[in-house]
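Here is the structure we will look at.
Every chain is numbered from 1 and lettered A, B, ... according to where its sequence line falls, protein lines coming before strand lines.
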4 protein chains.
Amino acid sequence: MPSVPISRLPTRDPGTRARNDKRERILDAAIKVFAKSGYHGSRISDIAREAGIAYGLVYHYFKNKEEILGSIFEQRWGGFLDALEGIAGERTSAEDRLVSVAGLMLSAYRVRPDWVKVLVIEIQRSSRFAEPGQLRAVGQLFEVVRRILRDGQESGELRRDLDPAIACYVFLGALELAMTSLVLRIVEIDESTAEGRDHYGKVARTVVEIFLHGLAAGRPR
Amino acid sequence: MPSVPISRLPTRDPGTRARNDKRERILDAAIKVFAKSGYHGSRISDIAREAGIAYGLVYHYFKNKEEILGSIFEQRWGGFLDALEGIAGERTSAEDRLVSVAGLMLSAYRVRPDWVKVLVIEIQRSSRFAEPGQLRAVGQLFEVVRRILRDGQESGELRRDLDPAIACYVFLGALELAMTSLVLRIVEIDESTAEGRDHYGKVARTVVEIFLHGLAAGRPR
Amino acid sequence: MPSVPISRLPTRDPGTRARNDKRERILDAAIKVFAKSGYHGSRISDIAREAGIAYGLVYHYFKNKEEILGSIFEQRWGGFLDALEGIAGERTSAEDRLVSVAGLMLSAYRVRPDWVKVLVIEIQRSSRFAEPGQLRAVGQLFEVVRRILRDGQESGELRRDLDPAIACYVFLGALELAMTSLVLRIVEIDESTAEGRDHYGKVARTVVEIFLHGLAAGRPR
Amino acid sequence: MPSVPISRLPTRDPGTRARNDKRERILDAAIKVFAKSGYHGSRISDIAREAGIAYGLVYHYFKNKEEILGSIFEQRWGGFLDALEGIAGERTSAEDRLVSVAGLMLSAYRVRPDWVKVLVIEIQRSSRFAEPGQLRAVGQLFEVVRRILRDGQESGELRRDLDPAIACYVFLGALELAMTSLVLRIVEIDESTAEGRDHYGKVARTVVEIFLHGLAAGRPR
DNA sequence: CATGAATGAGAATTCATTCAT
DNA sequence: GATGAATGAATTCTCATTCAT
């Protein structure tokens with residue numbers, strides 16, 4: 001897996017951090033709490049405690065619980081998509097770019113597992129998800145991958161007999177469940193061994209390998 | 001995709017239906033409501049209204065909200081796993097069995113998309129998920145697929161250089177996201193064409209094809 | 001002051017009382033509490049305690065605090081207006097009808113001072129007052145009196161050189177402040193004397209007397 | 001209606017205005033906001049926004065919300081009462097003085113309708129109303145009018161067979177409702193005609209005319 | 001003086017659960 | 001079994017008041 005620079009991950013502008021310190025802390029805390037208990041299962045007071053601030057202050061920065069979720073989506077997802085778009089626009093092979101996307105997503109999950117959980121699980125349930133903007137934003141993730149696949153098909157690098165949209169699901173779905181499994185600790189990772197510490201890299205490599213060359217025997221490379 | 005008999009899908013025993021009519025209606029309604037709003041976001045009154053009964057009656061059949069979720073899990077997931085186990089135990093090729101699994105899952109999703117959503121999203125968050133029984137039950141899904149993959153590796157049908165556990169994610173994740181996309185209607189399906197109506201079948205075939213033979217060009221079969 | 005039968009005062013249908021017992025009790029309690037502390041100054045828990053019920057039950061019958069106020073207006077004011085309309089339609093002299101109106105209003109105030117206070121003071125502040133229906137309803141009170149005055153002017157019983165609309169204010173305003181003063185206890189009433197006990201009657205008689213014949217000396221009747 | 005010099009209306013001392021500019025702006029803003037939403041329904045931030053200052057500053061000038069209401073009362077009501085006392089002490093006929101009082105009140109209402117609304121509606125609800133001082137202050141308005149009426153009765157100008165206290169209600173109540181109606185716009189005023197523009201004057205004249213000589217026909221003057 | 005972030009007590013509202021009918 | 005009224009703990013949301021800058 002090519003190293004994915006952390007700078008590609010969505011981050012906050014450190015310059016404005018001082019001013020929006022509390023607001024950021026609330027968002028960070030909300031992500032953590034939502035990820036653990038779900039949107040409906042989380043209380044504002046949990047978020048406030050997690051952020052280390054007074055309860056009422058949450059309402060100084062956000063109109064209500066719903067707006068917190070919306071802000072998470074806009075800020076985190078936006079940065080994430082920017083990084084993805086950058087990868088999609090690179091002039092390298094489809095394989096390289098897919099590896100980059102896998103690496104970015106797994107990195108994101110490794111660095112900020114809660115972000116991805118909330119983005120994937122909660123946002124879709126929120127009423128705001130009905131808003132075209134959010135649905136579109138989710139669709140952009142698919143669009144980025146679909147563009148890479150179509151590029152590969154046009155250049156002859158990828159098979160043309162398979163629907164790129166469905167191939168999209170295979171690729172993103174594989175990544176998504178891999179990430180979920182890691183977070184749910186369905187698979188034990190032994191961080192004391194080198195192999196355990198590189199688990200994420202191994203997952204990324206395996207996913208792309210299967211995606212490109214299949215699990216069937218007879219064609220090892 | 002081999003046709004998957006509906007009988008394999010988890011169903012209720014028609015013999016006891018008369019007796020437990022209301023109970024079943026509550027469970028069905030709960031699945032629908034949980035799928036839409038999440039466990040915490042759903043109210044007992046929503047479930048009762050969906051079931052067409054007085055909400056006090058819910059407490060006649062279930063001790064509390066939690067028990068409704070638990071019952072959903074046991075009844076729906078149990079039947080689903082039974083069907084999966086049956087597939088895994090067949091003495092056919094790994095490929096055939098994977099196609100069967102994909103077909104079963106997509107059938108389940110097509111017939112009862114809410115079941116899968118609730119099973120996947122809600123159960124894990126429930127406090128009961130801490131119970132070893134439920135964690136184990138979810139793990140069984142992975143175990144079934146893992147067994148098929150290991151069988152294939154041992155027989156030489158599948159590559160041995162890739163971790164079967166990770167391959168599991170690729171396979172199940174691809175299916176899962178494909179299903180989610182179908183339900184979220186991220187992809188437009190044109191039901192007016194034959195191809196549109198067979199979208200599920202096409203998805204199943206494509207997923208297995210990619211999973212087994214990869215998307216890279218040069219090795220068409 | 002002609003006796004004003006209590007039956008003219010707005011009342012609830014005793015037949016439906018059993019069914020809507022609690023709802024009525026909540027409205028009655030709300031009137032009492034609103035009259036004492038004002039709408040904004042009143043808590044739902046105050047109303048519930050006054051009604052002798054759990055405060056959650058208030059939300060079983062009313063969507064929120066605002067709806068309670070709206071219901072008060074519709075039920076109480078409607079009955080009151082009906083009684084007034086009845087008086088206005090009588091075929092007696094304007095003087096008789098004015099005395100009846102004064103008597104009705106003072107009776108209402110004596111029997112249900114809280115009703116009038118809430119109707120007069122709170123409703124106008126409520127956002128619902130902006131609704132044309134409510135503004136119109138208040139206007140009806142003026143319309144009833146104006147009709148009586150115009151009848152009297154046309155029949156020659158009343159002077160035609162004064163604006164009936166303004167005369168309306170004089171009449172209703174006199175009654176209104178008289179009632180307010182009584183409630184605010186700005187005037188001490190000695191209930192131990194016959195005169196004190198007939199204070200309301202005296203007020204009604206005096207108001208109409210001044211309104212019709214003036215306070216200036218030289219024209220006693 | 002004799003012209004009522006504006007100087008009689010309660011005003012702020014222009015000399016101290018520079019120093020207490022902000023304080024005055026807060027009081028003015030509070031009156032406007034209280035008049036619209038009531039004391040309990042108004043927020044400090046509303047007052048601050050209306051005054052165009054930071055809401056923290058309100059607490060620099062006033063101990064708390066309650067004190068704002070108290071200050072309004074003392075400053076506005078005090079000046080108003082002074083003017084009334086001046087009228088009551090004049091050595092003219094009762095009729096002239098009543099016309100002056102009506103003119104003063106209507107002028108006040110025309111120039112500062114919010115003052116009167118707050119004074120009349122809110123003060124009585126304030127907890128400070130329990131204080132004898134404020135109750136007494138409200139009573140002074142009645143006392144002033146009552147004194148004029150008693151003077152007129154003693155001099156033979158007014159009828160002695162009617163209770164001066166009740167006559168007070170008639171007079172002040174007529175004025176009060178006339179003012180309220182004007183503010184609530186229950187009556188349409190056509191500002192395009194001379195009569196419309198003099199509506200206040202007409203109201204004052206009509207109120208006093210009815211109060212003194214009655215609406216009954218046969219005794220026109 | 002000014003500002004507005006920060007606090008937290010208090011009130012509104014929700015909703016799981018109980019219970020009388 | 002069936003109903004939905006009744007309860008009140010839990011939570012969201014509001015806003016007067018304080019306080020650091």
Side-chain angles (χ1 to χ4, degrees), chain A residues 19-23 25-26 40-48 51-68, chain B residues 19-23 26 39-49 51-68, chain C residues 19-23 25-26 37 40-49 51-68, chain D residues 19-23 26 39-49 51-68:
Chain A
R19 188 178 306 271
N20 291 105
D21 187 36
K22 289 282 169 59
R23 193 172 197 278
R25 270 165 63 189
I26 293 171
H40 283 295
S42 303
R43 290 164 294 175
I44 296 285
S45 59
D46 295 333
I47 297 172
I53 58 163
Y55 182 80
L57 193 55
V58 174
Y59 288 90
H60 188 80
Y61 289 102
F62 301 93
K63 189 165 153 287
N64 53 29
K65 210 172 149 186
E66 178 80 24
E67 199 181 84
I68 299 176
Chain B
R19 185 180 308 272
N20 290 105
D21 186 39
K22 290 277 173 62
R23 194 174 196 278
I26 293 171
Y39 175 76
H40 282 296
S42 303
R43 288 166 291 179
I44 295 286
S45 61
D46 294 332
I47 297 172
R49 192 180 318 112
I53 58 163
Y55 65 84
L57 193 56
V58 172
Y59 287 88
H60 189 77
Y61 290 100
F62 299 93
K63 189 165 149 281
N64 53 28
K65 202 176 160 186
E66 181 76 25
E67 199 183 82
I68 299 175
Chain C
R19 187 178 306 272
N20 290 106
D21 187 36
K22 289 282 170 63
R23 194 173 195 278
R25 269 165 64 189
I26 292 171
S37 311
H40 283 295
S42 303
R43 289 165 293 177
I44 295 287
S45 59
D46 295 333
I47 297 173
R49 192 179 318 109
I53 58 164
Y55 69 85
L57 192 56
V58 174
Y59 289 91
H60 189 80
Y61 290 101
F62 300 93
K63 189 165 155 285
N64 53 30
K65 210 172 150 186
E66 179 79 24
E67 200 180 85
I68 300 176
Chain D
R19 186 179 307 271
N20 289 106
D21 186 38
K22 290 278 173 61
R23 194 173 197 279
I26 293 170
Y39 176 76
H40 282 295
S42 303
R43 288 167 291 179
I44 294 286
S45 61
D46 293 333
I47 297 173
R49 192 181 317 111
I53 58 164
Y55 66 83
L57 193 56
V58 172
Y59 287 87
H60 188 78
Y61 290 101
F62 299 93
K63 187 164 153 283
N64 54 29
K65 202 175 159 186
E66 182 76 26
E67 199 184 83
I68 299 175

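- A straight line from CZ of D:Phe62 to C1' of E:dC1 spans 15 Å, rounded to a whole angstrom.
- When the P atom of F:dA16 is taken as reference, atom CD of D:Glu66 falls 12 Å away, rounded to whole Å.
- Side-chain proximity of C:His60 to the nucleotides F:dT3, E:dT7, F:dA5 is greatest for F:dA5.
- Taking each heavy atom of C:Ser37 and C:Ser42 in turn, the nearest pair found is CB-OG, 3.7 Å.
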Polar atoms only, N or O, under 3.5 Å: list the protein pairs with nucleotides 8-12 of chain F and their distances.
unit_1: F:dA9; atom_1: N7; unit_2: C:Tyr55; atom_2: OH; d: 3.3
unit_1: F:dA9; atom_1: N6; unit_2: C:Tyr55; atom_2: OH; d: 2.7
unit_1: F:dA10; atom_1: N6; unit_2: C:Tyr55; atom_2: OH; d: 3.0
unit_1: F:dT11; atom_1: OP2; unit_2: A:Arg43; atom_2: NH1; d: 2.8
unit_1: F:dT12; atom_1: OP1; unit_2: A:Ser42; atom_2: O; d: 3.3
unit_1: F:dT12; atom_1: OP1; unit_2: A:Ile44; atom_2: N; d: 3.2
unit_1: F:dT12; atom_1: OP2; unit_2: A:Ile44; atom_2: N; d: 3.2

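- Residues in residues 39-48 of chain D take part in these salt bridge (charged side-chain N to carboxylate O under 4.0 Å, His left out) pairs, two or more places apart or across chains: D:Arg43-D:Asp46, D:Asp46-D:Arg49.
- Between B:Ala48 and B:Ala54, the shortest heavy-atom distance links the atoms CB-C, 4.0 Å.
- For the strand DNA chain E, secondary-structure stems (runs of at least three Watson-Crick or G-U pairs, all distances below 3.5 Å) span E:2-21 with F:2-21.
- Residue C:Tyr61 places none of its side-chain N or O atoms closer than 4.0 Å to OP1 or OP2 of F:dA5.
- Using modelled atom types, one side-chain atom of D:Tyr39 and one backbone atom of D:Glu66 make a donor-acceptor pair closer than 3.5 Å.
- Closest approach of B:His40 to A:His40, counting heavy atoms only: CB-CB, 3.3 Å.
- In this structure, the side chain to side chain contact (heavy atoms under 4.5 Å, CB included) partners of A:Tyr59, at least two apart in sequence or on a different chain, are A:Ile44, A:Tyr55.
- For A:Arg25 and E:dA5, the CZ to P distance is 15 Å, given to the nearest whole Å.
- Nucleotide E:dA6 holds its P atom 16 Å from the CD1 atom of A:Ile47, rounded to whole Å.
- With rounding to the nearest 0.5 Å, the separation of CD1 in A:Ile26 from CD1 in A:Ile53 is 3.5 Å.
- Between D:Arg23 and D:Phe62 there is a side-chain heavy-atom pair separated by less than 4.5 Å.
- For the pair A:Arg23 CZ and E:dA6 P, the computed distance is 13 Å after rounding to whole Å.
- Atoms CD1 (D:Ile68) and C1' (F:dA16) sit 10 Å apart, rounded to a whole Å.
- Rounding to whole angstrom units, CD1 of residue B:Ile26 and C1' of F:dG1 are separated by 11 Å.
- Projected onto DNA chain F by closest heavy-atom contact, D:Gly41 and B:Gly52 fall at different nucleotides, the more 5' of which corresponds to B:Gly52.
- In this model, the phosphate group of F:dA2 is approached by a side-chain N or O of B:Lys22 to a distance below 4.0 Å at OP1 or OP2.
- Here the closest non-hydrogen pair linking B:Glu67 and B:Tyr61 is OE1-O, 4.1 Å.
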